[in-house]
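Read the structure below first, then the notes.
Letters A, B, ... mirror the listed sequences (proteins, then strands); counts begin at 1.
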Protein chains: 2
Amino acid sequence: MRMSEGVEWALHSLLTLAWLGDDQPVPTARFASGHDLPKAYLNKQLQALVRAGLLTSTPGARGGYVLARPPEKITLMDVVTAIEGSERAFRCADIRRRGPGATAPAREYAEPCAIDSAMRRAELAWRRELAAQTIADIRAAADAHAPNAAERVRRWHGRD
Amino acid sequence: MRMSEGVEWALHSLLTLAWLGDDQPVPTARFASGHDLPKAYLNKQLQALVRAGLLTSTPGARGGYVLARPPEKITLMDVVTAIEGSERAFRCADIRRRGPGATAPAREYAEPCAIDSAMRRAELAWRRELAAQTIADIRAAADAHAPNAAERVRRWHGRD
DNA sequence: GGTACCGTACTCGGATAAGCAATGTCCGAGTTCGTTGGG
DNA sequence: CCCAACGAACTCGGACATTGCTTATCCGAGTACGGTACC
(Lines give C-alpha, C1' and ligand atoms only; values in the text may rest on other atoms or scores of the structure.)
Protein backbone atom coordinates (compact mmCIF):
# COMPACT_ATOMS: atom_id res chain seq x y z
CA MET A 1 0.00 0.00 0.00
CA ARG A 2 1.61 3.16 -1.16
CA MET A 3 0.22 6.68 -1.21
CA SER A 4 0.82 8.71 -4.35
CA GLU A 5 3.68 11.15 -3.99
CA GLY A 6 1.36 13.71 -5.55
CA VAL A 7 -0.08 14.13 -2.07
CA GLU A 8 3.23 15.41 -0.77
CA TRP A 9 3.59 17.74 -3.71
CA ALA A 10 0.08 19.09 -3.28
CA LEU A 11 0.58 19.69 0.43
CA HIS A 12 3.82 21.59 -0.14
CA SER A 13 2.18 23.69 -2.84
CA LEU A 14 -0.72 24.52 -0.57
CA LEU A 15 1.66 25.34 2.28
CA THR A 16 3.53 27.68 -0.03
CA LEU A 17 0.33 29.47 -0.98
CA ALA A 18 -0.55 29.75 2.70
CA TRP A 19 2.82 31.36 3.36
CA LEU A 20 2.43 33.84 0.53
CA GLY A 21 -0.93 34.88 1.83
CA ASP A 22 -1.95 37.18 -1.04
CA ASP A 23 -4.20 36.64 -4.04
CA GLN A 24 -1.45 36.79 -6.65
CA PRO A 25 -1.59 33.61 -8.77
CA VAL A 26 1.40 31.26 -8.67
CA PRO A 27 2.03 29.23 -11.84
CA THR A 28 2.96 25.56 -11.85
CA ALA A 29 6.43 26.31 -13.18
CA ARG A 30 7.28 28.21 -10.03
CA PHE A 31 6.09 25.46 -7.69
CA ALA A 32 7.99 22.92 -9.77
CA SER A 33 11.31 24.74 -9.85
CA GLY A 34 10.93 25.52 -6.16
CA HIS A 35 11.12 21.84 -5.23
CA ASP A 36 12.73 20.40 -8.36
CA LEU A 37 9.63 18.54 -9.52
CA PRO A 38 8.41 17.60 -13.02
CA LYS A 39 6.30 20.57 -14.09
CA ALA A 40 3.65 18.88 -16.21
CA TYR A 41 2.96 16.13 -13.75
CA LEU A 42 2.77 18.51 -10.82
CA ASN A 43 0.26 20.49 -12.84
CA LYS A 44 -1.86 17.37 -13.11
CA GLN A 45 -2.01 17.13 -9.34
CA LEU A 46 -2.91 20.80 -8.97
CA GLN A 47 -5.71 20.30 -11.47
CA ALA A 48 -7.10 17.65 -9.16
CA LEU A 49 -7.08 20.21 -6.35
CA VAL A 50 -9.01 22.60 -8.58
CA ARG A 51 -11.62 19.95 -9.35
CA ALA A 52 -11.92 19.32 -5.61
CA GLY A 53 -12.52 23.02 -5.00
CA LEU A 54 -9.35 23.64 -3.00
CA LEU A 55 -7.64 25.83 -5.58
CA THR A 56 -8.78 28.39 -8.11
CA SER A 57 -6.95 28.54 -11.42
CA THR A 58 -6.60 31.49 -13.77
CA PRO A 59 -5.44 30.67 -17.31
CA GLY A 60 -3.24 32.71 -19.60
CA ALA A 61 -0.14 34.76 -18.98
CA ARG A 62 0.28 35.92 -15.37
CA GLY A 63 -2.07 33.10 -14.52
CA GLY A 64 -1.63 30.38 -11.93
CA TYR A 65 -3.23 28.97 -8.83
CA VAL A 66 -4.68 30.60 -5.73
CA LEU A 67 -6.20 29.10 -2.60
CA ALA A 68 -9.95 28.79 -2.99
CA ARG A 69 -10.51 29.22 0.74
CA PRO A 70 -8.46 30.12 3.82
CA PRO A 71 -5.86 27.58 5.01
CA GLU A 72 -7.83 26.94 8.19
CA LYS A 73 -10.61 25.50 6.05
CA ILE A 74 -8.46 23.04 4.11
CA THR A 75 -7.93 19.74 5.91
CA LEU A 76 -5.46 17.03 5.07
CA MET A 77 -8.45 14.81 4.42
CA ASP A 78 -9.55 17.19 1.67
CA VAL A 79 -6.15 17.00 0.02
CA VAL A 80 -5.80 13.22 0.25
CA THR A 81 -9.29 12.74 -1.13
CA ALA A 82 -8.61 15.15 -3.97
CA ILE A 83 -5.44 13.34 -5.06
CA GLU A 84 -6.12 9.73 -4.12
CA GLY A 85 -9.85 9.61 -4.64
CA SER A 86 -12.56 8.86 -2.15
CA GLU A 87 -12.44 5.08 -2.35
CA ARG A 88 -11.32 3.14 0.68
CA ALA A 89 -7.90 1.49 0.75
CA PHE A 90 -9.36 -1.86 1.81
CA ARG A 91 -12.07 -2.99 -0.58
CA CYS A 92 -14.05 -5.97 0.55
CA ALA A 93 -14.72 -8.24 -2.43
CA ASP A 94 -17.12 -10.24 -0.26
CA ILE A 95 -15.28 -13.46 -0.95
CA ARG A 96 -17.09 -15.05 1.99
CA ARG A 97 -20.04 -15.70 -0.29
CA ARG A 98 -18.02 -16.96 -3.20
CA GLY A 99 -17.55 -20.69 -3.59
CA PRO A 100 -19.35 -23.09 -1.27
CA GLY A 101 -20.48 -20.28 0.99
CA ALA A 102 -22.87 -19.20 -1.75
CA THR A 103 -25.25 -22.01 -0.76
CA ALA A 104 -25.75 -20.56 2.70
CA PRO A 105 -29.01 -18.72 3.38
CA ALA A 106 -28.90 -15.07 2.39
CA ARG A 107 -30.01 -14.16 5.89
CA GLU A 108 -26.50 -14.93 7.14
CA TYR A 109 -25.11 -12.18 4.93
CA ALA A 110 -27.48 -9.49 6.08
CA GLU A 111 -24.83 -8.06 8.40
CA PRO A 112 -21.67 -6.67 6.80
CA CYS A 113 -18.56 -8.83 6.69
CA ALA A 114 -16.79 -8.77 10.07
CA ILE A 115 -13.43 -8.36 8.37
CA ASP A 116 -14.71 -5.44 6.39
CA SER A 117 -16.08 -3.80 9.53
CA ALA A 118 -12.78 -4.17 11.34
CA MET A 119 -10.80 -2.65 8.52
CA ARG A 120 -13.35 0.13 8.18
CA ARG A 121 -12.93 1.00 11.85
CA ALA A 122 -9.17 1.40 11.42
CA GLU A 123 -9.56 3.45 8.28
CA LEU A 124 -12.07 5.74 9.97
CA ALA A 125 -9.53 6.49 12.72
CA TRP A 126 -7.07 7.42 9.99
CA ARG A 127 -9.55 9.69 8.25
CA ARG A 128 -10.54 11.31 11.52
CA GLU A 129 -6.94 12.32 12.19
CA LEU A 130 -6.56 13.63 8.67
CA ALA A 131 -9.73 15.68 8.97
CA ALA A 132 -8.58 17.15 12.28
CA GLN A 133 -5.50 18.81 10.79
CA THR A 134 -5.51 21.76 8.41
CA ILE A 135 -2.99 23.52 6.22
CA ALA A 136 -2.96 26.28 8.81
CA ASP A 137 -1.88 23.77 11.45
CA ILE A 138 0.93 22.56 9.21
CA ARG A 139 2.04 26.12 8.69
CA ALA A 140 1.98 26.82 12.42
CA ALA A 141 4.08 23.75 13.14
CA ALA A 142 6.58 24.63 10.43
CA ASP A 143 6.84 28.23 11.63
CA ALA A 144 7.46 27.03 15.18
CA HIS A 145 10.45 25.00 14.10
CA ALA A 146 11.88 27.26 11.42
CA PRO A 147 10.68 30.88 11.71
CA ASN A 148 12.75 31.95 8.71
CA ALA A 149 11.22 29.54 6.24
CA ALA A 150 8.12 31.65 5.58
CA GLU A 151 10.19 34.75 4.89
CA ARG A 152 12.56 32.87 2.60
CA VAL A 153 9.69 31.44 0.59
CA ARG A 154 8.06 34.84 0.26
CA ARG A 155 11.32 36.30 -0.99
CA TRP A 156 11.90 33.53 -3.47
CA HIS A 157 8.42 33.99 -4.90
CA GLY A 158 9.09 37.66 -5.49
CA ARG A 159 6.98 39.03 -2.67
CA ASP A 160 8.08 42.07 -0.63
CA MET B 1 -3.89 4.27 -2.48
CA ARG B 2 -5.07 0.73 -2.64
CA MET B 3 -4.46 -2.12 -0.25
CA SER B 4 -3.55 -5.46 -1.78
CA GLU B 5 -6.47 -7.83 -1.95
CA GLY B 6 -4.11 -10.44 -0.53
CA VAL B 7 -4.89 -8.94 2.86
CA GLU B 8 -8.53 -9.93 2.55
CA TRP B 9 -7.58 -13.41 1.41
CA ALA B 10 -5.14 -13.83 4.28
CA LEU B 11 -7.67 -12.67 6.86
CA HIS B 12 -10.32 -15.06 5.59
CA SER B 13 -7.82 -17.92 5.63
CA LEU B 14 -6.80 -17.13 9.19
CA LEU B 15 -10.43 -16.86 10.23
CA THR B 16 -11.10 -20.26 8.73
CA LEU B 17 -8.22 -21.77 10.68
CA ALA B 18 -9.53 -20.14 13.85
CA TRP B 19 -12.92 -21.73 13.21
CA LEU B 20 -11.45 -25.16 12.65
CA GLY B 21 -9.54 -24.94 15.90
CA ASP B 22 -7.50 -28.13 15.56
CA ASP B 23 -3.92 -28.75 14.45
CA GLN B 24 -4.79 -30.51 11.22
CA PRO B 25 -3.03 -28.75 8.33
CA VAL B 26 -5.18 -27.13 5.64
CA PRO B 27 -3.66 -26.98 2.14
CA THR B 28 -3.84 -23.96 -0.12
CA ALA B 29 -6.08 -25.78 -2.57
CA ARG B 30 -8.80 -26.05 0.04
CA PHE B 31 -8.69 -22.38 0.98
CA ALA B 32 -8.71 -21.45 -2.69
CA SER B 33 -11.69 -23.57 -3.69
CA GLY B 34 -13.48 -22.42 -0.57
CA HIS B 35 -13.58 -18.82 -1.78
CA ASP B 36 -12.99 -19.31 -5.50
CA LEU B 37 -9.50 -17.78 -5.51
CA PRO B 38 -6.44 -18.44 -7.71
CA LYS B 39 -4.61 -21.20 -5.88
CA ALA B 40 -0.99 -20.35 -6.68
CA TYR B 41 -1.34 -16.68 -5.91
CA LEU B 42 -3.14 -17.33 -2.66
CA ASN B 43 -0.27 -19.63 -1.76
CA LYS B 44 2.09 -16.74 -2.30
CA GLN B 45 0.22 -14.70 0.30
CA LEU B 46 0.17 -17.56 2.78
CA GLN B 47 3.92 -17.91 2.38
CA ALA B 48 4.22 -14.31 3.47
CA LEU B 49 2.27 -15.19 6.61
CA VAL B 50 4.71 -18.03 7.27
CA ARG B 51 7.67 -15.70 6.91
CA ALA B 52 6.00 -13.34 9.36
CA GLY B 53 5.58 -16.14 11.88
CA LEU B 54 1.78 -16.20 11.80
CA LEU B 55 1.42 -19.60 10.12
CA THR B 56 3.36 -22.85 10.22
CA SER B 57 3.62 -24.83 7.01
CA THR B 58 4.15 -28.56 6.59
CA PRO B 59 5.25 -29.72 3.13
CA GLY B 60 4.36 -32.90 1.31
CA ALA B 61 1.15 -34.85 1.04
CA ARG B 62 -1.32 -34.20 3.88
CA GLY B 63 0.60 -30.98 4.39
CA GLY B 64 -0.77 -27.48 4.63
CA TYR B 65 -0.93 -24.52 6.98
CA VAL B 66 -1.66 -24.25 10.69
CA LEU B 67 -1.90 -21.23 12.96
CA ALA B 68 1.46 -20.57 14.58
CA ARG B 69 -0.19 -19.09 17.68
CA PRO B 70 -3.71 -18.71 19.08
CA PRO B 71 -6.09 -16.33 17.30
CA GLU B 72 -6.10 -13.96 20.27
CA LYS B 73 -2.43 -13.31 19.63
CA ILE B 74 -2.76 -12.44 15.94
CA THR B 75 -3.66 -8.81 15.32
CA LEU B 76 -4.82 -7.23 12.09
CA MET B 77 -1.65 -5.16 12.22
CA ASP B 78 0.38 -8.36 12.07
CA VAL B 79 -1.49 -9.50 8.98
CA VAL B 80 -1.32 -6.18 7.16
CA THR B 81 2.38 -5.88 7.89
CA ALA B 82 3.01 -9.43 6.70
CA ILE B 83 1.29 -8.85 3.35
CA GLU B 84 1.89 -5.18 2.65
CA GLY B 85 5.27 -4.77 4.30
CA SER B 86 6.24 -2.49 7.14
CA GLU B 87 6.82 0.66 5.14
CA ARG B 88 4.55 3.63 5.67
CA ALA B 89 1.94 4.55 3.09
CA PHE B 90 3.08 8.17 3.01
CA ARG B 91 6.79 8.45 2.30
CA CYS B 92 8.26 11.87 2.73
CA ALA B 93 10.79 12.54 -0.02
CA ASP B 94 11.88 15.67 1.82
CA ILE B 95 11.23 17.83 -1.20
CA ARG B 96 11.35 20.89 1.08
CA ARG B 97 15.13 20.83 0.79
CA ARG B 98 15.26 20.20 -2.92
CA GLY B 99 15.67 23.16 -5.25
CA PRO B 100 16.25 26.65 -3.81
CA GLY B 101 15.52 25.45 -0.30
CA ALA B 102 18.82 23.58 -0.36
CA THR B 103 20.66 26.82 0.27
CA ALA B 104 18.95 27.32 3.62
CA PRO B 105 20.99 26.54 6.74
CA ALA B 106 20.86 22.88 7.74
CA ARG B 107 19.74 23.94 11.21
CA GLU B 108 16.27 24.68 9.80
CA TYR B 109 15.91 21.03 8.82
CA ALA B 110 16.83 19.59 12.19
CA GLU B 111 13.17 19.07 13.03
CA PRO B 112 11.20 16.62 10.88
CA CYS B 113 9.03 17.96 8.08
CA ALA B 114 5.73 19.24 9.48
CA ILE B 115 3.82 17.56 6.66
CA ASP B 116 5.53 14.27 7.38
CA SER B 117 4.69 14.56 11.08
CA ALA B 118 1.04 15.24 10.35
CA MET B 119 0.72 12.28 8.05
CA ARG B 120 2.56 10.10 10.51
CA ARG B 121 0.10 11.02 13.24
CA ALA B 122 -2.82 9.89 11.08
CA GLU B 123 -1.11 6.69 10.11
CA LEU B 124 -0.32 5.89 13.73
CA ALA B 125 -4.01 6.16 14.57
CA TRP B 126 -4.71 3.67 11.80
CA ARG B 127 -2.07 1.25 13.04
CA ARG B 128 -3.29 1.56 16.61
CA GLU B 129 -6.77 0.46 15.58
CA LEU B 130 -5.36 -2.42 13.57
CA ALA B 131 -3.22 -3.57 16.48
CA ALA B 132 -6.21 -3.44 18.82
CA GLN B 133 -8.19 -6.06 16.92
CA THR B 134 -7.34 -9.73 16.68
CA ILE B 135 -8.47 -12.68 14.62
CA ALA B 136 -10.34 -13.86 17.71
CA ASP B 137 -12.29 -10.57 17.75
CA ILE B 138 -13.20 -11.03 14.10
CA ARG B 139 -14.39 -14.52 14.82
CA ALA B 140 -16.46 -13.35 17.77
CA ALA B 141 -18.11 -10.66 15.65
CA ALA B 142 -18.84 -13.10 12.83
CA ASP B 143 -20.27 -15.68 15.25
CA ALA B 144 -22.52 -13.07 16.79
CA HIS B 145 -24.10 -12.26 13.44
CA ALA B 146 -24.16 -15.73 11.89
CA PRO B 147 -23.88 -18.53 14.45
CA ASN B 148 -24.13 -21.20 11.78
CA ALA B 149 -21.13 -20.07 9.76
CA ALA B 150 -18.53 -21.74 12.00
CA GLU B 151 -20.34 -25.06 11.86
CA ARG B 152 -20.75 -24.89 8.10
CA VAL B 153 -17.06 -24.15 7.59
CA ARG B 154 -16.06 -27.01 9.86
CA ARG B 155 -18.30 -29.36 7.92
CA TRP B 156 -17.00 -28.24 4.58
CA HIS B 157 -13.43 -28.80 5.70
CA GLY B 158 -14.23 -32.36 6.69
CA ARG B 159 -14.25 -31.88 10.42
CA ASP B 160 -16.74 -33.70 12.70
C1' DG C 1 0.63 62.41 -27.80
C1' DG C 2 -3.02 59.00 -27.57
C1' DT C 3 -5.27 54.84 -29.12
C1' DA C 4 -6.39 50.68 -31.45
C1' DC C 5 -4.44 46.61 -33.35
C1' DC C 6 -1.39 42.74 -33.68
C1' DG C 7 2.13 39.38 -32.48
C1' DT C 8 4.49 37.02 -28.92
C1' DA C 9 5.13 34.80 -24.69
C1' DC C 10 3.08 32.42 -21.14
C1' DT C 11 -0.60 29.78 -18.65
C1' DC C 12 -3.83 25.93 -17.71
C1' DG C 13 -6.04 21.67 -19.40
C1' DG C 14 -6.58 17.36 -21.25
C1' DA C 15 -4.95 13.60 -24.43
C1' DT C 16 -1.10 10.50 -25.01
C1' DA C 17 3.28 7.23 -23.78
C1' DA C 18 6.69 4.83 -20.38
C1' DG C 19 7.88 2.31 -15.88
C1' DC C 20 6.99 -0.36 -12.25
C1' DA C 21 4.63 -2.89 -8.77
C1' DA C 22 0.75 -5.92 -8.04
C1' DT C 23 -1.29 -9.91 -9.98
C1' DG C 24 -1.24 -14.34 -12.03
C1' DT C 25 1.07 -18.75 -13.70
C1' DC C 26 4.23 -22.59 -13.90
C1' DC C 27 7.51 -26.07 -12.50
C1' DG C 28 10.74 -28.37 -9.09
C1' DA C 29 12.04 -30.45 -4.25
C1' DG C 30 10.22 -33.03 -0.67
C1' DT C 31 6.87 -35.91 1.95
C1' DT C 32 3.16 -39.25 2.71
C1' DC C 33 0.54 -43.16 1.65
C1' DG C 34 -1.11 -47.05 -0.89
C1' DT C 35 0.54 -51.02 -3.55
C1' DT C 36 3.05 -54.91 -4.66
C1' DG C 37 6.22 -58.38 -4.42
C1' DG C 38 8.83 -61.46 -1.58
C1' DG C 39 9.73 -64.09 2.59
C1' DC D 1 0.05 -63.64 6.83
C1' DC D 2 3.75 -59.92 7.61
C1' DC D 3 7.10 -56.73 6.00
C1' DA D 4 9.93 -53.96 3.07
C1' DA D 5 10.66 -51.57 -1.15
C1' DC D 6 8.68 -48.80 -4.69
C1' DG D 7 5.84 -45.62 -7.26
C1' DA D 8 2.26 -42.30 -7.55
C1' DA D 9 -0.10 -38.37 -5.77
C1' DC D 10 0.00 -34.34 -3.32
C1' DT D 11 2.13 -30.31 -0.88
C1' DC D 12 4.86 -26.06 -0.28
C1' DG D 13 8.26 -22.91 -2.27
C1' DG D 14 10.34 -20.02 -5.42
C1' DA D 15 11.27 -18.56 -10.41
C1' DC D 16 8.97 -16.66 -14.48
C1' DA D 17 4.99 -13.85 -17.48
C1' DT D 18 1.22 -10.41 -17.64
C1' DT D 19 -1.86 -6.77 -16.37
C1' DG D 20 -3.10 -2.35 -14.45
C1' DC D 21 -2.02 1.82 -12.18
C1' DT D 22 1.22 5.34 -11.11
C1' DT D 23 4.31 8.39 -13.17
C1' DA D 24 5.77 11.24 -16.89
C1' DT D 25 5.42 13.86 -21.27
C1' DC D 26 3.54 16.50 -25.08
C1' DC D 27 0.57 19.59 -27.55
C1' DG D 28 -3.61 22.68 -28.08
C1' DA D 29 -6.91 26.59 -26.44
C1' DG D 30 -6.96 30.80 -24.25
C1' DT D 31 -5.19 35.13 -21.96
C1' DA D 32 -2.30 39.16 -20.87
C1' DC D 33 1.26 42.17 -22.11
C1' DG D 34 4.50 44.87 -25.12
C1' DG D 35 5.34 46.90 -29.47
C1' DT D 36 3.80 49.34 -33.55
C1' DA D 37 1.34 51.75 -36.74
C1' DC D 38 -2.18 55.06 -37.38
C1' DC D 39 -5.14 59.00 -36.15
Original post:
Does a nitrogen or oxygen in the side chain of Ser57(A) sit under 4.0 Å from OP1 or OP2 of dG13(C)?
Top reply: yes

**OP:** Find which nucleotide of DNA chain C each of Ala40(B) and Glu84(B) is nearest to by heavy atoms, and output the residue with the more 5' nucleotide.
**Re:** Glu84(B)

Original post:
Is any side-chain N or O of Thr58(B) closer than 4.0 Å to OP1 or OP2 of dT31(C)?
Top reply: no

**OP:** Find out whether Leu46(A) and Phe31(A) are in side-chain contact, i.e. whether some heavy atom of one side chain is under 4.5 Å from a heavy atom of the other.
**Re:** yes

**OP:** Let me know the distance between CG of Leu42(A) and C1' of dT25(D), rounded to the nearest Å.
**Re:** 14 Å

Original post:
Between Trp156(B) and Arg30(B), is there a cation-pi geometry (under 6.0 Å to ring centre, at most 45° from the normal)?
Top reply: yes

**OP:** Among dT31(D), dC12(C), dT23(C), find the nucleotide with the atom closest to the side chain of Ala61(A).
**Re:** dT31(D)

**OP:** Test Arg69(B) against Asp78(B) for side-chain contact (heavy atoms from CB on, under 4.5 Å), laying out the working first.
**Re:** CA-CA 12 Å; Arg69(B) 53 179 191 257; Asp78(B) 295 329; 3.2 Å; yes

Original post:
Does Gln47(A) have a side-chain nitrogen or oxygen under 4.0 Å from the phosphate oxygens OP1 or OP2 of dG14(C)?
Top reply: yes

Original post:
Between dA17(C) and Tyr41(A), is there an OP1 or OP2 to side-chain N/O distance shorter than 4.0 Å?
Top reply: no

**OP:** Determine the contact category for Gly6(B): base if any of its heavy atoms lies under 4.0 Å from a base atom, sugar-phosphate if only primed atoms, P, OP1 or OP2 are that close, otherwise nothing.
**Re:** nothing

Original post:
Where do Thr28(B) and Tyr41(B) land on the side-chain contact (heavy atoms from CB on, under 4.5 Å) test, with the steps shown first?
Top reply: CA-CA 10 Å; Thr28(B) 303; Tyr41(B) 189 38; over 6 Å; no

Original post:
Considering heavy-atom distances to DNA chain D, does Pro59(A) or Glu5(A) have its closest nucleotide positioned more toward the 5' end?
Top reply: Glu5(A)

Subject >> Rounded interatomic separation in angstrom, taking CG from Asn43(A) and P from dA15(C) >> reply: 14 Å

Original post:
Does a nitrogen or oxygen in the side chain of Arg51(B) sit under 4.0 Å from OP1 or OP2 of dG14(D)?
Top reply: yes

**OP:** Please report, rounded to the nearest Å, how far the C1' atom of dA17(C) is from the NZ atom of Lys44(A).
**Re:** 11 Å

Original post:
Which whole-number value in Å describes the distance from Arg30(B) CZ to dC12(D) P?
Top reply: 12 Å

